[in-house]
Every structure is written in C-alpha cells, then in structure tokens.
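As the structure lists them, so they are numbered: ligands from 1, and atoms in each ligand from 1.
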Amino acid sequence: MADSAAKREIDRAEPENISLRVKRSKANDYNGRGEVERESESENILYGFKTSKVLSDSAREKNIFVHGQLADKEAVVILEKTPIREDTLADLFSGSRLKLEMRNDIYSTYRLQAPHHLNEIKTTVVCPATEKHVKKYQRQESFLVEETWEDYQSITLPFIKQQSFSVQWVYNILEKKAEADRIVYEDPDPKVGFVLLPDFKWDQKQVDDLYLIAIARHRDIRSLRDLKSEHLPLLQNIFKKGKEAIMQRYNVPASKLRVYLHYQPSYYHLHVHFTNLSYEALGCGVERAHLLADVIQNLQSDSQYYKTRTLYFPLRAEDGLLSKFKETGRL
Ligand code: M7G
C-alpha cells in the first residue's frame, strides 16, 4: 500500500518531469568512442538487426536477451515488458480492443490489444558489444568462489586489470557527456562527491522497481576490495545524501530502500545500487550484494576489513575469472 501511495505521489508531483526525462533519455545515444550522439526518437536503429542467438529469456521476467549484428557490428539487444501501472488502467480499459478467447460459467479470458502508448517494450542496445557482453547476458551455470586477500592479489586483480569492461560510460556520466538530463542528485566534491541517477535497467515509470546508481567521483576505487576507513566520508555521504535525494524526488523513504554494492561488480569503478526493497533486482542476493550500511560498519571497526577477509561470490561458467580460479586450483 505504502509503495503504491508513493507511486501515486511521484506521478502527481512530477508527471511532466518524468515523461520529459524519459523522452530525453531516448534521444541520447553513446557512440562507443566516448562521445554522445543525438538520435531522432522515430529512427528505428533495430530495423536491420540480424538475430544470431537468443542468449537467455524468461517467461516469468518477461524479457529476452538477443545476440546479433547491427550494421555489421556485434550487438546485444534486451527486450523487456514493463509493469502495468495503476495510473494507466483507465486508458487501458477504455482504449483497448478485447478479443474473447474462451468463456466458461463465470470465467472468461481475452487478448487485450492495448493502445500504442501503453504497449511499449523497454529496449536496451549494447553496440558494439564485446564477447564479454555476450557472455554477461548468456544464461549460464554459476559457481560460488572463495577469494582470500591473497587470491585477490594474485588472481582477481591481474585479471580485472586486463579484462574488465570499459568504464567509459561512467566517465561520460561524471563528465556530463551522457545522461546529464537524468541526474537526480550530484555532489561535486572530488573526494566525497558522487552522481546519483537512474540505472538504465529502470524505466522510471513506477517506483515499484525503483533502481538508481550512485557513481563516486573518485576514480581510484575499483571495488569493495579497495575500500579502507579513509573512504568512510565518501560512503557515508553517498548513503545519507542518496537516501535524502530519493525521498525528495520519488517520495520513497530510506526504510523502503536496499542500498548495496556488488562484489564482484561488472564495472570496476565504485558505485552503489539503490533499489526498492520490495523489488528483487537481479544481483541483490546475499552471494553478491553487500549492504552499504554493513560495509560502513565493517570499515569503522577495522580499516583493513576488506583487505583481510575472505569474500564469496558467484562466477558464471564462462567467466574468464572462473577459469583462473580453476587453473590455480582454488576451485
Ligand atoms: P555492477 O554491479 O557493476 O554490475 O553494476 P551488474 O551490471 O552486473 O549489476 C553496474 C550497474 O550500472 C548495473 O545496475 C547496470 O544496469 C548499470 N549500468 C550499466 N551501464 C552500462 C549503464 C549506463 O550506461 N547507464 C546507466 N544509467 N546505468 C548503467
């Protein structure tokens, strides 16, 4: 109930801002060279997409991850049906065509053809996609890995230095070369500052699946493993101001938020995930998510906490890091 009240509240408070942000974000396109190109909303860049393989799909999540070629470049396209929002029900009921499938006693089922504006599919395009992107989205078996500090130094760190995803998109955000109009809050301080903005997994249409990320301005912190007590002011700042900004913009209180870091992350530049507590975001399980509140407490009690602890995390079958752990007999 509280969630839907909050949802109605953001709809009431900022209907224009929200649709404006969504429209603008559609017009942003990162060209893969660290620049951003504007692209007409009506242009269908997927027109010539050639599907080579479905990487994964889920009837429950209502999404599909497709690998293919876009103008001779490797690409991954993610299609996802979005939640049905309470505030669209009136339009949906009055503006749709209904085709009867079957009727039996008091029961009947239909196929409802919604008006165009309520029939959108959230689409994410990664192009050019690397082999690593293709693997990231491919359904694979997972294995739990145990990483000591020594393993981190001898196996993980050399691997991520060589093979991690580019964080150009992160720098584009920090330098306002992309997604500038999506920023929800920013603190310009070079040491404790950060940028808070919607994660690209969130379409921002309802707070039920709210998902934002706070990206640290500091560029030298790769992950949890680099954190020491000297970073507490940064972490505390992100925690406090991030929650305040979300309350102010979306009317979602701190008690409704799950605020955490991933270990291992996909992108090795410090960032914090803010998701709705009632939304089971991918990667929010105990094997990968570390609550920011716990991280802060751990560093308060021991500055070297993340340099002394064994950390556990899942790796997927085709992850190169898993092969490294296997080669060195750690799995
Ligand atoms: P992560 O913990 O490094 O890895 O999180 P994960 O992707 O395996 O969860 C990075 C977060 O940044 C994820 O939640 C992504 O959805 C999000 N993200 C990734 N990219 C490339 C972008 C982007 O270009 N813009 C925005 N706004 N979010 C992104």
Regarding [X] and [Y], is there a side-chain donor-to-acceptor distance under 3.5 Å anywhere?
| X | Y | value |
| --- | --- | --- |
| Tyr268 | Gln264 | yes |
| Tyr263 | Glu147 | yes |
| Gln248 | Asn251 | no |
| His231 | Asp226 | no |
| Gln69 | Glu74 | yes |
| Ser142 | Arg316 | no |

In terms of residue, atom name and distance, what is the protein heavy atom nearest to [atom]?
| atom | result |
| --- | --- |
| atom 28 (N) of ligand 1 | Phe200 N, 3.2 Å |
| atom 2 (O) of ligand 1 | His262 ND1, 2.6 Å |
| atom 1 (P) of ligand 1 | His271 NE2, 3.2 Å |
| atom 16 (O) of ligand 1 | Asp199 OD1, 2.6 Å |
| atom 12 (O) of ligand 1 | Trp169 CH2, 3.4 Å |
| atom 8 (O) of ligand 1 | Ser266 OG, 2.6 Å |

Qualifying residue for ring-ring contact (aromatic ring centres under 6.0 Å, His included) with His273, from Tyr267, Trp202, Tyr211, Tyr279
Tyr211
The single option from Val54, Thr51, Leu55 passing side chain to side chain contact (heavy atoms under 4.5 Å, CB included) against His67:
Leu55
Which atoms of ligand 1 are found less than 4.0 Å from any heavy atom of [X]?
| X | value |
| --- | --- |
| Ile213 | 12 (O), 28 (N) |
| Lys136 | 6 (P), 7 (O), 8 (O) |
| Pro265 | 2 (O), 3 (O) |
| Arg182 | 27 (N) |
| Pro198 | 27 (N) |
| Tyr211 | 14 (O) |
| Glu179 | 23 (C), 24 (O), 25 (N), 26 (C), 27 (N) |

Using the six-membered ring wherever Trp is involved, compare the ring planes of Tyr260 and His262 and label them parallel, tilted or perpendicular (cut-offs 30° and 60°).
tilted
Does the ring of Phe239 carry Lys243 above it, NZ/CZ under 6.0 angstrom from centre and within 45° of its axis?
yes
Please verify whether a non-hydrogen atom of Arg288 lies at under 4.0 Å from ligand 1.
yes
Decide whether the shortest distance between a heavy atom of Gln264 and an atom of ligand 1 is less than 4.0 Å.
no
